[in-house]
Amino acid sequence: MYFVCKCFFTNNIFIQRYNLHVTYHDNQQFERDYLQLLRKRGCDTKEKLQEVYEEIQREIDRRKRLQEESLKRKEIISTKYKPRHPAIYHLKEEYLASEFLDIVSFCKSNKTASYDEIVSKINVCADRVYAFPFFTDEFCRLFVEEMEHFEESDCPKGRPNTMNKHGVLLNEIGFDENFLSPLRENYLTPITSLLYPDVGGASLDSHKAFVVTYKLGEDTDLNYHYDNAEVTLNVSMGKEFSGGELYFGDLFEPHKAPSQSVKYAEYSHRPTIALLHRGQHRHGALPITSGERYNLIIWMRSSDIRNSCCPMCSNEPDLIRSVGFGDGFTKQEEIVNVCTV
């Protein structure tokens, strides 16, 4: 059984108009923490501030309804949606790039390999950010066609996350059990256990996976942020596009102000290529300038890591029971010694 932390309903609320992530408990706390910054960004009237409060309340209400509404959508989709390519809902090695399978094989056979031995087989893009071929061209084509087919259907659709408005929640359309879970367990964990042992790379026991789409007139870019994950996989699935480079800055560190002299590293997406990075590595995406882009994102989580410290509020998590993988937290069942009862 998995849980979410109560901070999900108060923290990391994105105010798009002012490009600001906020924590909201009450108006007094909010104005003390953010009013001066909001005024500098143009929120300089009572009416504009009231609009901010209304936006925050809508997001909090959405989060409170999220689990129930996701279950309803999943039930409707399971009975109503007819996949265009049903075979791709079950993972097959033929969908994976031969270069990626070679990396997995090496990691499985060399569980004590040195860091230099591992990174000699992949492209290092920034500090502990790695790129490598992941899917075949044919699988990416089929996958994008499946996403387009679902988007064109009249089935209900959820929002991928706080910042992306356009995309698909993959658990709702049936990709978790036979595709994403075995992908994480059998192919990604052998790699992450060697590359990210310090952030739970060997104990990734849940995930949240979604597709985000970028095109002119809809979502075109992504603001600077960090992920609710220990390790993130980001795969460009297609189509043809220009622009949209990712940029990586500094690592999020609790209770430490962001550096004012961050050096950014850019990465240009290419279809079929995966990018692997720590979830707490802050990053963003520049605007696409033409075309349309589909990205598969998998937030991989380790309950061993996050059970002691929530990555979003940086405190010991205060847990609420969830459905599915929740936000990757687990709770130890209390064991009663019957001999003492």
Side-chain angles (χ1 to χ4, degrees), residues 66 69-70 73-74 76-78 81-91 95-97 134-184 187-188 206-223 225 227-229 231-241 243-244 246 267 269-277 279 283-285 287-288 291-301 324-325:
L66 193 62
E69 292 186 350
S70 180
R73 287 194 299 268
K74 188 174 182 179
I76 293 170
I77 292 167
S78 68
Y81 179 62
K82 304 299 181 186
R84 179 174 179 180
H85 300 297
I88 69 169
Y89 287 74
H90 290 72
L91 180 64
Y95 300 154
L96 303 173
F134 195 74
F135 288 126
T136 64
D137 287 312
E138 176 64 8
F139 176 77
C140 287
R141 182 184 68 80
L142 295 174
F143 186 85
V144 170
E145 287 181 359
E146 186 65 37
M147 296 303 105
E148 290 177 319
H149 182 62
F150 177 71
E151 288 170 343
E152 292 166 359
S153 75
D154 59 358
C155 289
K157 299 166 181 69
R159 180 176 171 180
N161 56 62
T162 301
M163 300 176 71
N164 293 97
K165 294 185 176 67
H166 301 278
V168 179
L169 290 162
L170 291 176
N171 70 306
E172 293 187 356
I173 65 173
F175 266 94
D176 258 357
E177 183 177 357
N178 296 310
F179 191 102
L180 292 164
S181 287
L183 181 66
R184 168 175 50 80
Y187 296 91
L188 290 167
S206 71
H207 62 263
K208 177 180 179 179
F210 49 93
V211 172
V212 292
T213 60
Y214 297 90
K215 66 178 179 181
L216 300 181
E218 295 184 358
D219 289 339
T220 59
D221 60 1
L222 190 62
N223 285 278
H225 68 286
D227 298 336
N228 186 358
V231 181
T232 294
L233 183 83
N234 182 338
V235 191
S236 176
M237 307 300 289
K239 302 178 174 180
E240 294 184 3
F241 57 88
L246 279 185
Y267 171 79
H269 274 297
R270 289 182 293 143
T272 77
I273 305 298
L275 204 65
L276 198 65
H277 62 85
H283 57 285
I288 63 166
E292 188 174 3
R293 190 176 86 209
Y294 282 72
N295 280 66
L296 166 62
I297 312 295
I298 307 179
W299 288 350
M300 295 181 284
R301 294 155 168 172
F325 285 133

Find the distance between [atom1] ([X]) and [atom2] ([Y]) and round it off to the nearest 0.5 Å.
{"X": "Tyr187", "Y": "Phe134", "atom1": "OH", "atom2": "CZ", "value": "10.5 Å"}
{"X": "Tyr89", "Y": "Glu146", "atom1": "OH", "atom2": "CD", "value": "3.5 Å"}
{"X": "Thr232", "Y": "Trp299", "atom1": "OG1", "atom2": "CH2", "value": "7.5 Å"}
{"X": "Leu275", "Y": "His283", "atom1": "CG", "atom2": "NE2", "value": "9.0 Å"}
{"X": "Leu296", "Y": "Asn234", "atom1": "CG", "atom2": "CG", "value": "8.0 Å"}
{"X": "Cys140", "Y": "Ile88", "atom1": "SG", "atom2": "CD1", "value": "10.0 Å"}

Of the non-hydrogen atoms in [X] and [Y], which two are nearest, and what is the gap between them?
{"X": "Gly167", "Y": "Thr213", "value": "N-OG1, 4.2 Å"}
{"X": "Pro182", "Y": "Leu91", "value": "C-CD2, 4.2 Å"}
{"X": "Ile298", "Y": "Leu183", "value": "CD1-CD2, 4.0 Å"}
{"X": "Pro156", "Y": "Ile77", "value": "O-CD1, 3.6 Å"}
{"X": "Ala209", "Y": "Leu180", "value": "CB-CD1, 3.5 Å"}
{"X": "Arg73", "Y": "Glu172", "value": "NH2-OE2, 2.7 Å"}

Does [X] have more than 12 heavy atoms from other residues, nucleotides or ligands lying within 6.0 Å of its [atom1]?
{"X": "Lys215", "atom1": "NZ", "result": "no"}
{"X": "Glu177", "atom1": "CD", "result": "no"}
{"X": "His90", "atom1": "NE2", "result": "no"}

Is a donor on one side and an acceptor on the other found under 3.5 Å between the side chain of [X] and the backbone of [Y]?
{"X": "Arg84", "Y": "Leu142", "answer": "no"}
{"X": "His207", "Y": "Phe325", "answer": "no"}
{"X": "Arg184", "Y": "Met300", "answer": "no"}
{"X": "Lys208", "Y": "Pro160", "answer": "yes"}
{"X": "His277", "Y": "Val231", "answer": "no"}

> Any ion pair linking Glu148 and Lys239 (charged N to carboxylate O, less than 4.0 Å)?
Replying inline: yes
> With a 6.0 Å cut-off on ring centres, are Phe143 and Phe175 close enough?
Replying inline: yes
> Which word best sums up how the rings of Tyr267 and His269 line up, parallel for under 30°, tilted for 30 to 60°, or perpendicular for over 60°?
Replying inline: perpendicular
> Between Phe179 and Phe139, what is the ring plane arrangement, given parallel below 30°, perpendicular above 60°, and tilted in between?
Replying inline: parallel
> Does the side-chain contact (heavy atoms from CB on, under 4.5 Å) test come out yes or no for Arg270 and Ser236, once each step is laid out?
Replying inline: CA-CA 6 Å; Arg270 289 182 293 143; Ser236 176; 5.9 Å; no
>> Run the side-chain contact (heavy atoms from CB on, under 4.5 Å) test on Leu169 and Lys74 for me, step by step, so that the C-alpha distance in whole Å, both residues' side-chain angles and the decisive distance to 0.1 Å come before the verdict.
In response: CA-CA 10 Å; Leu169 290 162; Lys74 188 174 182 179; over 6 Å; no
